[in-house]
Each structure stands twice: as C-alpha cells, then as structure tokens.
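Everything on this sheet refers to the single structure shown next.
In the text below, chain A, chain B and the rest are named by the order of the sequence lines, each starting its count at 1.
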Amino acid sequence: MKVRTRFAPSPTGYMHIGNLRTALYEYLIAKANDGDFLLRIEDTDQKRYVEGATDIIYSTLKTVGMDWDEGPDIGGNYGPYIQSERKNIYGEYAHKLVELGGAHYCFCSKDEADEEKNEELNIKFKDPCKLIPLEEAKKRIAAGEPYVIRQTINKKGKSKYHDEVYGDIEIDYDELDEGVLLKSDGLPTYNFANVVDDHLMKITHVVRGNEYISSTPKYNLIYEDFGWEHPLYVHVPPVMKDAQHKLSKRNGDASFQDLVTKGYLPEAIINYIALLGWNPGTEQEIFSLDDLKKIFTVERLNRSPAIFDITKLTWMNGCYIRALSEEKFHELAKPYYNDMPSNIDLKILSKTLQPRVETLGDIPNQTDFLKSVPEYDLELYSNKKMKTDAEVAKANLPSILETLSAQSEWTNEHLFEILKGLAEKMGVKNGQILYPLRIALSGKETTPGGATEIAVIIGKDETLKRIKSAIQKLD
RNA sequence: GGUCCCAUCGUCUAAUGGUUAGGACAUCACCCUUUCACGGUGGUAAUAUGGGUUCGAAUCCCGUUGGGAUCACCA
C-alpha cells in the first residue's frame, strides 16, 4: 500500500516551528517511502479563522521545498481538501454513525453539559440524551430543535493501540469523553473530521502532537464502528521554549517567518528542526531536505520534548552561510546593505563578511561604521598584545597617511606589503601600524576584516580622510 | 484531582545488559593571525532518586520526585 501522509493545519495565524516540524516529519515519512504528502486545511472553527493564514501555510511549505502532491490549490482524487467544503460529507457520515450506534443526537445546551460535570469530583458529563429513543430524537430534529451529534461510548475495559513512537498505549474506556462530533452549526469537530478525512483520503500514517495520545482511542472507536481500518499512529513530542513551556504562537515565540526575517536560511531552519526530536544514528549533522528524504525513519524519532535552542540554530545557519557560493551570499546579503556609501564595492564587502556572519541579520551591525566613524574613546587604541595605545597611534598615523597617499595600487595584498615595509623602516611592530590604522578607519573594537581590508572597502579617498580626522582627534 | 506520557553534560542527542558513558552547540584554554571571525588542538560538564532482577544496569521491573499532556459545540 502506498504511504500517504497529510499536513492538516488550521488557518489560525502564522506557522510556528513545532507546526513546521510536524509537517516536515509527515513529508519525510511520505517521501522516504516514495509516498504522497497531502495538504488539508482544517477550518471547521470559523471563530478562529484568520484571514491570510492559508497563504502563509502555502508560502512556508514552498519556501522550504516541501511540495505537496494533493491539496486545495492543486486538487487531487480525494478532494475537496478544505474541510469547510466537505460539510455535507461529514453530515452524512455522522448520521450514519448514529444509525450504527456509535453516536447519538443530543439536545443539551453547552451550559447544561458544563453544569453537570464537576472536575474536582471528577464527575464526567453523562448525557441524558443517550436515553432518548432514536425515533423520538428524529421527530424533535424534524420539528426544528437544535441538536449536536455526540459520540456514544458504551464499551468497558481497556482500549489498546500501538503508537510508532510511544509503543503500546492503554487507556480505560471510562476515561473517554462522549464528545461532540457534529456541532449545532452542522460542521464537525476535529474529533470527527480527522477520522472521516483520514479514512476517505487513504492516509496511512497519522502524524500529530502527542497531546492526542489520550484521545486516540476515541477515534479508533469511530473507525471500528464504521468498519474501517485505522491508520498507523506517529505521535511526536512537543517543541519547547523552555523546560516548562511549549513554543507557542500566543507567547509570540519565533515563527518560521520571523526567523527568515532575522536572516536565517530556510535550509538551515529545516536542518535544525529535523534534528529536534529525531537523529540519524550517525554523527552527521548537516542535511539537506533531499538527504533527509533518503535516510529518515520513524524508528529514530524521540519520545521526549526538545527545547528549541536558537544558539545552535545560529551556529548551523553560520555553516550554511559559509557553504554558500560568493555570488549567492552576495545576492542574499544585498538587501541588508541599506544606505551604504555609494563608493563601496559591495562585492568585496560581501566576501569579507561571509565567514564572519552567522545570520544575515548580523550584517547591519557589522557594517555600520562604513557609513561614518562612530564616536569612540581613545582607549580603543590601547591593545596590550599589539603593544599599542593612543600615543603610538599619534606617533605613527602621520607616516601611515603619507605612505598611503602615495599608493595607486589599492588592493589588500599591496597595501599590506607596503605597511609591513613601513613598520620595518620605522623599527616598530606590524601591529603598531596596523592596529591604530584599523581603529582610525573604523572606530570599532572589532571589525569585519583587518586594517588594509577595510581601507580597500572604503576606498582611498575615504581612507585618507579618516586618517586625517583621527590625527586631529588624537591632538 | 483521575488518566496518559516523559526523564543521559546548560542545550540537542548517541550508547537497545558488558564503552574510560560518545558526538554537536554553548563555555574555557591554547594555536593560527594586521582586529574580529573562520580553522585547528585540548579542557570543564550528564545517566533525577530509592529499591529490586542480574556475574554485570543509563539500559529491564517497582516505588519516589520532578516535568508535561488531557478531561471544549479548539484543533
């Protein structure tokens, strides 16, 4: 049987990392087995619907390269793929389930149901409507009385099922709630829609958060009542913000889009989250999506929650940035070169920046001094190792200015040789020339590149200008 | 509270009864070096806890502790 998985988000806002990871695992299970990955939009709760949310889902999946084989936009043999468009299907199956004895009509209001149960005393809602004869219930419905369809659970004893990650799960039928399957607005709840759709769409592996572990027996009951075979279950642990809290939209935790905006590469994000809860069993850590497709197995999925560690993602992102071609990096870096002086050769700048940034978002901070030298303290000229300070700078900068003025070949290699020669001639250490020069040109303690590299980037005119003003400042 | 799930360095994880408990990030030191990075070398750092089973336990069993999930006309 062909493996088929589905990503079934509800369009309630942006894509958070946990969500994306679930989608990734679903995608990988399908693709590792030469199967189909489908996209289904679960929008049965109109109250929570957020405009534009489906577009974010589409664009995110496309950006990371997780192409779906069937979905709302491209169709397929099992559509429609938007649940609100499947209303009639659910209605039909829900009434059928009532006939089969797996559900019943309920006329209680939500408040009545809430009143009857008591969480502290652990009293569950016992639906009095269960006792209404089916014929009478149908008459009331025909008379226009509002109703919902609730699951009927009469079984006793232990419900058992196997989860591909957590192993055998056993839950007492008494623990199960007779939840609403079809709401009074005629739309199904997740509890019902996921079963009907997963069956109709021939889903073989249901991958979802482990918060569904304890409600899965309810779904299995529905599968049984219909005489359907249930899918394989792959429950995955949550992605956490810290030891206590899940990563969540509500707390404004980083979404995929936020990370991209901060200068993280989609490939790095995918690589990192794949490893949050899964490992290949080898010591390799860098994987493209195509690599993952080849080696992913559910057996190596983890059971315990994983904390999202931005520091490690940042490191990994740095690896991806360094692996980029010069051209590609330059292209990605360009948007971050806002109001850069026009005389600057951005290609050379990109080349020096590439090994020095871990995210593209680092670029503005690293390059701000190119526009103008920031205010700095003369203490900056002090460096023990280089045996230099403001006095040394004051003494050497004029000769540096004179030497550089005379140069026409404005390349890193040439300037470096010339300045080394100058140091030798003056009988001082290289650092006593280069360090003060770098400070004079940048006004910063750390810079992307050494003195001559910066000189080349800002150009000869600007270099001489900055040395002059540094000399003034030292006086 | 009932039920279910989880528990190895700070973090992500490897080790499916026999390892000096391995790797990666972070951190520290050193090397490289015109700063900073990159790169290289090395260090610090973990089996929550108490019992059992076994010649032998991170690994199997039970208890304890800690954490999480669930108990919606949300998914």
Any Lys/Arg nitrogen of K246(A) or D253(A) sitting under 4.0 Å from an Asp/Glu carboxylate oxygen of the other?
no

Counting only heavy atoms not in E375(A), do more than 12 fall under 6.0 Å of its CD?
no

If you compare every side-chain N and O of K160(A) against the phosphate oxygens of C4(B) (OP1, OP2), does one of them come in below 4.0 Å?
no

Looking for any heavy atom pair under 4.0 Å, which part of the strands does T452(A) touch: base, sugar-phosphate only, or nothing?
base

Counting the atoms with a prime plus P, OP1 and OP2 as sugar-phosphate, which does M316(A) contact under 4.0 Å by heavy atoms, base, sugar-phosphate, or nothing?
nothing

Has the side chain of K312(A) got a donor or acceptor that lies under 3.5 Å from a partner of the other kind on the base of A24(B)?
yes

Classify the angle between the aromatic ring planes of Y105(A) and Y147(A) as parallel (below 30°), tilted (30 to 60°) or perpendicular (above 60°).
perpendicular

Does the pair R6(A)/E42(A) count as a salt bridge with the N-to-O cut at 4.0 Å?
no

G63(B) to A26(B) separation - C1' atoms, rounded to the nearest Å:
37 Å

U13(B) phosphate, OP1 or OP2, under 4.0 Å from N302(A) side-chain N/O
yes

Ignoring backbone atoms, test whether K47(A) places a side-chain nitrogen or oxygen under 4.0 Å from the OP1 or OP2 oxygen of C74(B).
yes

Whether the side chain of T311(A) and the base of C25(B) hold a donor-acceptor pair under 3.5 Å is what I'd like checked.
no

P spacing across the pair U47(B) / U59(B), given as an integer number of angstrom:
12 Å

Could you tell me whether N430(A) contacts a base, only the sugar-phosphate backbone, or nothing, with contacts defined as non-hydrogen atoms closer than 4.0 Å?
nothing

Please report the distance separating the P of U16(B) from the corresponding atom of U54(B), rounded so that it comes out in whole Å.
23 Å

Under 4.0 Å from OP1 or OP2 of C36(B): is there any side-chain N or O of R438(A) that close?
no

Hey, is the side chain of R300(A) poking within less than 4.0 Å of OP1 or OP2 on A15(B), counting only N and O atoms?
yes

Could you tell me how far U44(B) sits from G10(B) if I compare only their P atoms? Round to whole Å.
14 Å

At 4.0 Å (heavy atoms only), tell me whether R303(A) reaches a base, stays on the sugar-phosphate, or touches nothing.
sugar-phosphate

Return whichever of D168(A) or Y219(A) has its heavy-atom-nearest nucleotide of RNA chain B closer to the 5' end.
D168(A)

When you measure only distances, ignoring hydrogens and angles, does the side chain of T446(A) come within 3.5 Å of the base of U35(B) through a donor and an acceptor?
no

With rounding to the closest Å, how many angstrom separate the C1' atoms on A46(B) and G52(B)?
24 Å

Spell out yes or no: do the side chain of Y212(A) and the base of A69(B) have one donor N/O and one acceptor N/O closer than 3.5 Å?
no

Which is more 5' along RNA chain B, the nucleotide nearest E358(A) or the one nearest N279(A)? Just name the residue.
N279(A)

Ring-plane angle category for Y190(A) and Y212(A), please: parallel below 30°, perpendicular beyond 60°, tilted otherwise.
tilted

Would you state whether a donor and an acceptor, one from the side chain of K385(A) and one from the base of U33(B), lie under 3.5 Å apart?
yes

